[in-house]
Amino acid sequence: MQTLERTVPPEAAGQRLDRFLSEACEGLTRSALQNLIEEERVQVNGSCVPKRYKTRAGDRVTVEVPDPQPIEAAPQNIPLDIVYEDADLLVVNKPKGMVVHPAPGNPDGTLVNALLYHCAGQLSGIGGAIRPGIVHRIDKDTSGLLVVAKNDAAHQALSAQMRVHSIHRVYHAVVYGNLKEDEGAVETYLGRDPRDRKKIAVVPQSAAGARYACTGWQVLERFGNFTYVACRLKTGRTHQIRVHMASLGHPLAGDAVYGPRSCIQKLGGQCLHAKELGFHHPSSGAWMQFDAPLPPYFTAFLDRLRKERGI
C-alpha cells in the first residue's frame, strides 16, 4: 500500500476534496479517488470526511492507495463480428460499448477476452499479456473496424504502416451545428489537458508530450442543428476526432466528455463509427479494404434527424 500526503495551498481552497486530489495526485482519477474517500482511505487533518467536503487552506490530506490488483486476460466465449480472417490477421467490427482490452474498471468482457477464446490464444505477443494482437484501438463507445494480428510478424508489418500513416481509416460521425464549409482539415498538436489529465486537448507544439495530429473531414448530409460527416485520419491519436471536431466548435453528438453537458443520453456515448479500414496485407502485400455498415443506433439517429427536417 502507498500513502500519499498533500497540503492544500491557498489557491486550492474551496474545491471539492475529490477534485483537489485528482489534480494533486497524478495517476489517480477522480472516480478512483471518490471510491477511496467512500472506503475511508482518505483523511483530512486526521479524520475521514465525505467526498463533497470543501478544502481549506492548510488542510493536511492523507490518501491510502491500495496495491493494484493484477489484471489477467482470460478467454471468454463472447460473440464477435468478424469481417475477415486468415492465418495472419482478423478484421473485427467492434460493437459500441465494448472495451478493447482489460484495464482497471473493465477486467473482462473485452474484445481481447473474446479474441483469446476465438483464436485459442494464437495472437501476437507484442502487445503483452493484456493487449495480445492489438495493433490499434478505438474508444469503448466508438463502434467499427479494427485489425488484429495473429503473429508477431504481422503485428510488426501493420504497426509499420501505422507509423508512416499509410493505413486508410475513415470514420463517420454526427456533430453539433452546421459546418460552414463542405470539407476541410484540422492540424494541431494534441496532449493531456493540463486542467484534467483524463482528457486530451489541443496544446502548443512545445508542450510536454505534444504529438502532431491531422484529421480531414467532409460533409455528407446537413440537418441544420447537426451535420453528418466523414472524418479521415492521417494520424491516430487518442480521442483525435472527438477533440478536433470539438476544437472547431462542432463536438460529436452524444459525447459527454468533449461535448455539451446536456449530451444526448440515448446515444450511449459519442456518435462515431470506424467505417472504412484499408491496409497492405502483411504477408502478400496486397491492398485490402473493408467497410462496416452503420450500426442501428447510428442509422436510427440519422433517420430521426431526417424526419425532423422533413427529408
Side-chain angles (χ1 to χ4, degrees), residues 1-69 71 97 99 102-107 137 139-142 176 188-204 206-211 213 237-247 249 251-265 267-270 272:
M1 182 175 67
Q2 180 184 17
T3 300
L4 306 177
E5 295 182 356
R6 299 288 186 271
T7 300
V8 178
E11 60 270 21
Q15 290 185 357
R16 271 180 55 131
L17 179 60
D18 55 344
R19 180 182 177 187
F20 163 71
L21 288 173
S22 68
E23 297 173 354
C25 302
E26 187 172 354
L28 289 175
T29 65
R30 192 166 176 178
S31 59
L33 286 160
Q34 290 173 350
N35 291 333
L36 293 177
I37 294 170
E38 291 177 350
E39 294 169 4
E40 298 189 344
R41 293 181 180 270
V42 178
Q43 293 188 343
V44 178
N45 302 321
S47 301
C48 296
V49 296
K51 60 186 178 185
R52 63 179 179 276
Y53 174 84
K54 297 293 183 66
T55 58
R56 294 175 292 183
D59 277 348
R60 298 185 306 278
V61 185
T62 302
V63 183
E64 294 180 353
V65 183
D67 294 331
Q69 297 298 311
I71 299 173
V99 176
N106 295 285
R137 292 171 287 170
D139 297 335
K140 172 184 176 181
D141 292 329
T142 299
Y176 283 94
T188 69
Y189 284 82
L190 298 180
R192 289 289 170 186
D193 189 330
R195 297 167 297 180
D196 185 343
R197 302 294 294 176
K198 294 179 291 182
K199 296 173 65 175
I200 304 298
V202 173
V203 298
S206 59
R211 303 183 73 187
R237 311 304 182 200
T238 301
H239 297 179
Q240 179 175 315
I241 293 173
R242 298 166 65 187
V243 175
H244 270 170
M245 298 312 292
S247 75
L252 271 60
D255 193 337
V257 177
Y258 301 104
R261 291 184 179 180
S262 57
C263 72
I264 305 170
Q265 298 291 336
L267 287 173
Q270 62 274 1
L272 183 62

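All values reported here derive from a predicted model rather than from experimental measurement.
- Taking all atoms of both residues into account, the shortest heavy-atom contact from L4 to C25 is CD1-SG, 4.0 Å.
- Minimum heavy-atom separation, P107 to P102: O-CB, 3.6 Å.
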Donor-acceptor pairs are to be reported for all side-chain atoms of residues 255-265 against protein atoms at under 3.5 Å, with residues two or more places apart or in another chain.
{"residue": "D255", "atom": "OD1", "partner": "R242", "partner atom": "NH2", "Å": "2.9"}
{"residue": "D255", "atom": "OD1", "partner": "V257", "partner atom": "N", "Å": "3.0"}
{"residue": "D255", "atom": "OD1", "partner": "Y258", "partner atom": "N", "Å": "3.1"}
{"residue": "D255", "atom": "OD2", "partner": "R242", "partner atom": "NE", "Å": "2.8"}
{"residue": "Y258", "atom": "OH", "partner": "I200", "partner atom": "N", "Å": "2.8"}
{"residue": "Y258", "atom": "OH", "partner": "H239", "partner atom": "ND1", "Å": "2.7"}

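- Within 6.0 Å of atom CD in E39, more than 12 heavy atoms from other residues, nucleotides or ligands are found, so the atom counts as buried in its surroundings.
- Interatomic distance, L252 CG to D141 CG, rounded to the nearest 0.5 Å: 11.5 Å.
- When atom types are taken as modelled, the side chain of T55 and the backbone of Q15 share a donor-acceptor pair closer than 3.5 angstrom.
- Note that CZ of R192 is 6.5 Å distant from OG1 of T238, once rounded to the nearest 0.5 Å.
- When each of N35, V65, L21 is tested with V42 by the rule side-chain contact (heavy atoms from CB on, under 4.5 Å), just one qualifies, namely L21.
- Taking a 6.0 Å sphere around CZ of R16, one finds it holds more than 12 heavy atoms contributed by other residues, nucleotides or ligands.
- Within the model, atoms OG of S22 and CZ of R195 stand 13.5 Å from one another, a figure rounded to the nearest 0.5 Å.
- For V202, the side-chain contact (heavy atoms from CB on, under 4.5 Å) partners are T188, L190, V243, S247, not counting sequence neighbours.
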Exercise for review: Start with the C-alpha gap between M245 and Y176, add the side-chain angles, then the distance that decides, and say whether side chain to side chain contact (heavy atoms under 4.5 Å, CB included) holds.
Suggested key: CA-CA 9 Å; M245 298 312 292; Y176 283 94; over 6 Å; no
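- Contacts of Y53 classified as ring-ring contact (aromatic ring centres under 6.0 Å, His included), with partners at least two apart in sequence or in another chain: none.
- The CG atom of N45 sits 6.5 Å away from atom CZ of R56, with the distance rounded to the nearest 0.5 Å.
- No more than 12 heavy atoms of other residues, nucleotides or ligands lie within 6.0 Å of CZ in R211, so this atom counts as exposed by the packing criterion.
- For NZ of K198, the number of neighbouring non-hydrogen atoms (other residues, nucleotides, ligands) closer than 6.0 Å is greater than 12.
- Using a 4.5 Å heavy-atom cutoff, the side chains of R6 and V63 are not in contact.
- Each of V44, T7, L17 was checked for a side-chain contact (heavy atoms from CB on, under 4.5 Å) with D59, and the lone residue meeting it is V44.
- Scanning both residues, E64 and T3, for their nearest heavy atoms gives CG-OG1, 4.4 Å.
- Taken to the nearest 0.5 Å, the CG atom of L267 stands 11.5 Å off from the CG atom of L272.
- We find the CD-CG distance between Q240 and D139 to be 11.5 Å, quoted to the nearest 0.5 Å.
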